[in-house]
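Note that the structure is predicted; figures quoted are calculated from it, not measured. Order of appearance sets the numbers: ligands from 1, and atoms from 1 within every ligand. FYI, the numbering just counts along the sequence from 1.
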Amino acid sequence: MYINFRRYYLFCQSIDFYSYRAKIKIDMNKNKKIIFSGVQPSGNLHIGNYLGAISQWVKMQEDFTCIFCVVDYHAITVKQDPKILREKIIDIAKIYIASGIDPKKSIIFKQSDIKEHTELAWVLNCTSARMSDLNKMTQFKDKAGKNQENVGVGLFDYPVLMAADILLYDTDIVPVGDDQLQHVELTRTLARRFNDRFGQTFKIPEARLQKVGARIMGLDDPTKKMSKSAKSELNYIALTDDPAKAKKKIMKATTDSDGRVKYDPKNKPGISNLMTIYSLLENTEIGVIEERYIGKGYGDFKKDLAEVVAEYLTNFQKTYYNITNTEIEKILKKGAKKLQPTATDLMDLIKKKIGSL
Ligand code: ATP
Ligand code: LTN
């Protein structure tokens, strides 16, 4: 049955039917496009991650075949405590579900459960990725800082593993925050290079950004993105923050001294960022918010936003704290089982193309 499928695939490939491969294996609905995205199990997930990436995934579940990964091998590009990493893997999957990812509709799995991710990354390293590509990656420069000579090779090579994640499942769309655009662009380059050399193999994926919220800024420094590895806890609202603590963080958020609640990201980045958060969590247009606060100051605005954030967190945490670790373990295993045949199939094809099989 499997051999027959591969023959059929090789035949289809020549008439540009290759993208049905993953769909046939993963989901019988051949008309749905494939979505792939992931988050690292490190640090505390914050409302930037939710508003920039995960909330987009939730909306996509109805119309696409969605695959959401907990990218634990990406997390180990920087030092991790094994005990904490183990807990964080479960935690991220809980966060996916509490944010609205439905395991009955979407596939949720752990990256290291499918060995083909690292296997494909190695093949891409050797056949498609160049030092000059990776030297351009701004995230590496940000993360390595002045210490570039002494950081692990994995941190440098991280975007190639991300490309493997995406390409392994014939992904059509990659919903991410804007800091990941450069990595998706690289994925497209690597896929094209491999296809040019070995013949049509990979589908060329596209990134998808939120129209609003693709870059939520830090509360303590609205000129830089909100980040879970920020030095100060005042930078972000973690999804697991106690709502009372989150309220205090909003009240302390950096704003300018002008005092008008006006959306102007260039000149008023602090208040504009808070208005974006308000607008997305309350599903209200920025213009409506501006009108609502004419003649009022930042204090009134921040108090209201603090309530909106606290209400979101309270609802989120009700689900989050009710999911058990055993449930999550089952969901992750089931997800990997569902994806494994597609991953094996593509890797076999790649090995054949490069001469390993
Ligand atoms: P770090 O800053 O420590 O690298 P992170 O907060 O960027 O971590 P990731 O796991 O790298 O978290 O990102 C998960 C997803 O959330 C990605 O799609 C990323 O683009 C998105 N994302 C991260 N930070 C933001 C942000 N401030 N605004 C919007 N989207 C974001
Ligand atoms: N690099 C991403 C996480 C990530 C990812 C992926 C996102 C790893 N593999 C595949 C989308 C698709 C990050 O740091 N946010």
Side-chain angles (χ1 to χ4, degrees), residues 34-57 60 66-80 88-89 91-92 95-96 99 109-112 114 117-118 120-121 124 137-145 154-155 157-169 171-188 190-191 205-232 235-239 265 269 273 276-277 280:
I34 295 182
I35 305 294
F36 187 101
S37 200
V39 174
Q40 299 183 59
S42 57
N44 292 320
L45 244 68
H46 50 70
I47 52 167
N49 298 124
Y50 171 72
L51 297 173
I54 303 175
S55 68
Q56 202 186 169
W57 308 355
M60 291 175 131
C66 293
I67 309 173
F68 300 122
C69 186
V70 179
V71 290
D72 53 332
Y73 276 171
H74 276 105
I76 60 162
T77 55
V78 295
K79 204 169 175 186
Q80 302 291 343
K88 284 280 170 195
I89 291 169
D91 189 55
I92 294 286
I95 285 176
Y96 286 179
S99 302
F109 79 110
K110 177 173 67 163
Q111 188 184 33
S112 62
I114 299 195
H117 286 250
T118 40
L120 177 55
L124 292 172
M137 297 295 118
T138 53
Q139 195 180 63
F140 172 74
K141 288 179 197 150
D142 291 347
K143 292 207 168 174
L155 191 64
D157 199 35
Y158 170 118
V160 180
L161 179 58
M162 175 163 162
D165 298 340
I166 296 168
L167 297 176
L168 202 49
Y169 304 104
T171 301
D172 293 281
I173 301 169
V174 189
V176 280
D178 82 343
D179 60 313
Q180 295 302 315
L181 258 188
Q182 200 184 26
H183 293 158
V184 180
E185 239 352 278
L186 176 73
T187 303
R188 290 160 61 86
L190 301 188
E206 271 172 35
R208 183 163 302 175
L209 300 187
Q210 295 277 49
K211 284 196 188 81
V212 181
R215 174 173 288 241
I216 299 294
M217 310 310 276
L219 298 181
D220 59 345
D221 178 1
T223 61
K224 296 202 183 93
K225 80 166 189 123
M226 185 177 281
S227 168
K228 56 180 138 96
S229 42
K231 283 193 192 87
S232 164
N235 173 271
Y236 57 80
I237 307 263
L239 291 168
N273 186 44
T276 303
I277 297 172
L280 290 169

Applying a heavy-atom cut-off of 4.0 Å, say which part of [X] lies close to ligand 2: side chain, backbone, both or neither.
{"X": "Val174", "value": "side chain"}
{"X": "Val176", "value": "side chain"}
{"X": "Gln180", "value": "side chain"}
{"X": "Ile166", "value": "side chain"}

- request: Take the angle between the ring planes of Phe109 and Phe36 and call it parallel below 30°, perpendicular above 60°, tilted in between.
  value: perpendicular
task: Write out the protein residues near ligand 1, meaning a non-hydrogen atom under 4.0 Å from one of its atoms, in order of chain and number.
output: Val39, Gln40, His46, Gly48, Asn49, Gly52, Ala53, Lys143, Val176, Gly177, Asp179, Gln180, Gly213, Ala214, Arg215, Ile216, Lys225, Met226, Ser227, Lys228, Ser229
Backbone N or O of [Y] within a donor-acceptor pair of the [X] side chain at under 3.5 Å?
{"X": "Asn273", "Y": "Met217", "answer": "yes"}
{"X": "Tyr96", "Y": "Gly38", "answer": "no"}
{"X": "Gln80", "Y": "Ala75", "answer": "yes"}
{"X": "Thr171", "Y": "Ile166", "answer": "yes"}

Evaluate whether atom [atom1] of [X] has more than 12 neighbouring non-hydrogen atoms of other residues, nucleotides or ligands under 6.0 angstrom away.
{"X": "Lys141", "atom1": "NZ", "value": "yes"}
{"X": "Arg208", "atom1": "CZ", "value": "no"}
{"X": "Glu206", "atom1": "CD", "value": "no"}

Nearest-contact summary for atom 3 (C) of ligand 2 - protein heavy atom, Å: Gly38 O, 3.6 Å
Give yes or no for whether the N/O distance cutoff of 3.5 Å, strictly under, is met between [X] and ligand 2.
{"X": "Gln139", "value": "no"}
{"X": "Asp165", "value": "yes"}
{"X": "His183", "value": "no"}

- prompt: With distance as the sole criterion, is a donor-acceptor pair present between the side chains of Asn44 and Lys88 under 3.5 Å?
  reply: yes
query: Gln40 heavy atoms, cut-off 4.0 Å: which ligand 2 atoms fall inside?
result: 14 (O)
task: Pick whichever of Tyr73, Tyr158, Phe36, Phe68 has a heavy atom sitting closest to atom 1 (N) of ligand 2.
output: Tyr158
task: Given ring-ring contact (aromatic ring centres under 6.0 Å, His included), test His183 with Phe140 step by step and report yes or no.
output: CA-CA 11 Å; His183 293 158; Phe140 172 74; over 10 Å; no
query: Could you go step by step and tell me if Ser37 and Gln56 meet the side chain to side chain donor-acceptor pair (under 3.5 Å) rule?
result: CA-CA 10 Å; Ser37 200; Gln56 202 186 169; over 6 Å; no
